[in-house]
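Take a look at the structure set out below.
Chain identifiers are assigned alphabetically (A, B, ...) following the order of the sequence lines, protein sequences preceding nucleic acid strands; residue numbering begins at 1 within each chain.
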Amino acid sequence: MKIEERILRRQQTDHEPRLVRESDALNPIAHPTEPTGRGLSIEQLLDVLGPAFHGRLPSDGYVWGPKGTGKSAVIRGLFSQLDRLIGRSTGRIYTTTRAEPTADIAFVYVDGRQAQTGFALVHTVLNSLTSDPVPKQGVGADAIRARLADRLAVDSQSVVVAVDHVGEPETLAAETVCEQFDDLGSSVSTVLIGHDQPDTVTELLDDPETVRFAPYRQHTLIEILTTRQTDGLIRTAITHQQLREVAAWADGDSHDALAALFSAGLIADDNDHEQIGPDDLAAGMNAVPKPSVSLGRVLALPESRQEVLCRLVALPEADRNSVSRAADAIANDRLDLSRATIERVLYELAEAGVIRRVKVDNPERIGRPPSRLEPRFPTRVFRHLSLCD
DNA sequence: ACCTGGTCCCGGGCTCGGTTTT
DNA sequence: AAAACCGAGCCCGGGACCAGGT
């Protein structure tokens with residue numbers, strides 16, 4: 001933490017301590033390095049990736065399950081450890097001392113939300129395999145692919161690419177991801193991570209190994225909340241009974257559970273409460289719609305979209321009762337997008353499921369009834385993390 | 001070896017105007 | 001009739017690459 005931050009914090013907290021600590025502990029999209037309660041899944045994944053321990057390229061894989069089940073946390077952690085332990089660096093170091101053939105297999109994790117086009121995906125992979133700068137525009141996707149092929153051929157390197165969040169509205173479809181690596185089949189192995197059932201992916205990847213992540217059991221979810229809460233809240237903020245309540249409400253989804261707990265803490269702080277009261281907790285859960293879009297998706301949206309969302313959630317109820325009124329109000333709020341673009345963006349966000357349109361019936365009026373816009377993501381936490389203000 | 005203009009490429013804003021729904 | 005809805009093309013900024021001139 002920088003000195004300036006420390007000073008600012010003292011200035012802000014001179015009245016009384018805040019319930020919510022400034023840390024990522026309660027952030028649903030900040031993953032701990034050691035995920036809780038997913039030992040079995042990690043073993044399954046290690047089985048799939050096993051050939052890499054003997055210098056052979058593993059077969060393709062598909063990891064699937066609903067949001068908030070630890071897929072990203074596990075794969076992220078696993079790939080960074082694997083790359084460190086048996087990936088490039090170690091391979092080089094032991095080359096001269098070990099008789100056995102060395103594995104020159106890199107493990108690259110790509111967040112599909114950061115790489116939303118074929119170009120960006122191949123770019124990310126190549127960029128993590130080379131220290132040379134890779135152009136990020138001005139050159140065609142094919143050119144980047146050619147360079148990647150070149151790079152892999154030069155010292156017969158192989159790479160296992162994990163592409164997270166495939167098949168979301170903003171991200172690449174599994175099919176498109178596969179196409180990117182079609183020509184490099186023998187040196188690239190693909191592990192896709194998504195929500196959908198494996199049937200379509202099975203055809204694409206020619207019978208990949210699949211690993212399924214099921215929703216958390218109640219007691220595991222409580223364990224997760226307990227460990228995170230000790231770092232994210234002051235000690236007396238919440239009772240164990242309340243954590244049980246959140247876990248029961250969240251129904252196996254750690255994203256929703258953490259978002260609700262985070263929201264409750266922020267709301268209690270808003271109300272100057274010394275601890276999270278029953279009403280704060282209820283409001284916290286209320287601030288997380290069900291079903292909810294992952295905060296990771298919302299916070300990965302382009303800045304301009306997030307600005308539209310910031311203003312939308314701050315709008316008075318009446319202004320959200322019609323798409324065109326909402327667009328008017330947002331356009332008047334010092335946003336440097338044109339009115340027409342804002343309306344277009346609202347429709348796009350609705351199409352993507354980030355906000356929902358609800359028909360407002362009014363028999364008095366003639367013509368097609370307006371649509372109320374409802375956020376489908378944890379609004380209180382979004383406001384906190386997106387730096388709306 | 002260095003400049004410079006032309007061309008291609010990516011990504012994102014913007015707008016138009018037709019279609020659908022009530 | 002009125003308003004919601006949205007597909008799709010246009011435009012632009014800026015980086016990369018190339019080739020031809022100095």
Side-chain angles (χ1 to χ4, degrees), chain A residues 110-151 163 165-166 168-173 175-177 179-183 293 296-312 315-376 386:
Chain A
V110 183
D111 184 350
R113 289 170 180 156
Q114 304 300 317
Q116 300 187 349
T117 60
F119 176 88
L121 172 58
V122 185
H123 180 274
T124 310
V125 175
L126 177 59
N127 207 23
S128 65
L129 290 181
T130 170
S131 45
D132 304 331
V134 184
K136 58 179 184 295
Q137 58 178 279
V139 76
D142 286 333
I144 303 287
R145 254 190 298 275
R147 286 199 203 185
L148 177 58
D150 220 45
R151 178 73 191 78
V163 185
H165 307 119
V166 297
E168 289 180 355
E170 296 86 8
T171 60
L172 291 174
E175 190 179 357
T176 323
V177 173
E179 283 169 10
Q180 305 305 314
F181 303 118
D182 266 354
D183 301 336
V293 162
R297 260 186 70 197
V298 182
L299 294 171
L301 292 169
E303 198 179 332
S304 63
R305 312 291 133 126
Q306 292 192 49
E307 280 175 4
V308 169
L309 287 176
C310 281
R311 286 164 171 80
L312 179 71
L315 242 41
E317 183 72 26
D319 280 338
R320 278 195 277 129
N321 275 335
S322 139
V323 177
S324 51
R325 285 192 64 179
D328 281 338
I330 293 171
N332 288 335
D333 194 10
R334 305 184 314 279
L335 187 59
D336 56 354
L337 295 180
S338 76
R339 156 63 231 256
T341 303
I342 291 170
E343 192 179 70
R344 195 72 198 79
V345 165
L346 288 173
Y347 280 116
E348 277 171 18
L349 291 169
E351 165 98 41
V354 175
I355 54 185
R356 192 160 71 107
R357 297 192 305 246
V358 185
K359 191 176 62 178
V360 183
D361 267 328
N362 185 348
E364 317 266 303
R365 289 176 50 117
I366 193 166
R368 185 168 174 170
S371 299
R372 180 158 39 90
L373 295 175
E374 290 178 352
R376 302 306 288 167
S386 75

Distance in angstrom units between A:K136 NZ and C:dC17 C1', rounded | 16 Å

Distance test, side-chain N/O of A:S324 to OP1/OP2 of C:dA3, below 4.0 Å | no

With heavy atoms under 4.0 Å as the rule, sort A:Y347 into base, sugar-phosphate or nothing.
-> base

Interatomic distance where CZ belongs to A:R344 and P belongs to C:dC10 [whole Å] | 16 Å

Kindly say whether A:H165 contributes a backbone atom to a donor-acceptor pair with the side chain of A:T171 at under 3.5 angstrom?
-> yes

Which atom names give the shortest non-hydrogen contact between A:H123 and A:V134, and what distance separates them?
-> NE2-O, 3.1 Å

Options C:dC17, C:dG14, C:dA4, nucleotide nearest the side-chain atoms of A:Q137 = C:dG14

Verify the neighbour count for atom CD of A:E317: are there more than 12 heavy atoms of other residues, nucleotides or ligands below 6.0 Å?
-> yes

Evaluate side chain to side chain contact (heavy atoms under 4.5 Å, CB included) for A:F119 paired with A:Q137, printing each intermediate quantity in order.
-> CA-CA 9 Å; A:F119 176 88; A:Q137 58 178 279; 5.6 Å; no

Mind checking A:R372 for me? I need base, sugar-phosphate or nothing, with any heavy atom below 4.0 Å counting as a touch.
-> nothing

DNA chain C nearest-nucleotide lookup for A:P370 and A:R147: closer to the 5′ end is A:P370

Any chance you could measure A:L335, atom CG, to A:R311, atom CZ, to the nearest 0.5 Å?
-> 4.5 Å

Can you pull the contact range of chain A along DNA chain B, 5' to 3', using atoms under 4.0 angstrom from its heavy atoms?
-> B:dC8 to B:dT22

Taking atom CD of A:E175 as the centre, does the number of heavy atoms from other residues, nucleotides or ligands within less than 6.0 Å exceed 12?
-> no

Using whole Å, report how far CD1 of A:I342 lies from P of C:dC5.
-> 17 Å

In whole angstrom, what separates A:L346's CG from C:dA3's P?
-> 18 Å

Looking at every strand, decide which applies to A:A143 at a 4.0 Å heavy-atom threshold: base, sugar-phosphate, or nothing.
-> nothing

Is the distance from OP1 or OP2 of C:dA4 to the nearest side-chain N or O of A:S322 less than 4.0 Å?
-> yes

DNA chain C: A:R325 or A:E351, which has the more 5' nearest nucleotide?
-> A:R325

Mind checking A:R339 for me? I need base, sugar-phosphate or nothing, with any heavy atom below 4.0 Å counting as a touch.
-> nothing

Determine, for A:R325 against A:D328, whether the closest basic-nitrogen to carboxylate-oxygen distance falls under 4.0 angstrom.
-> no

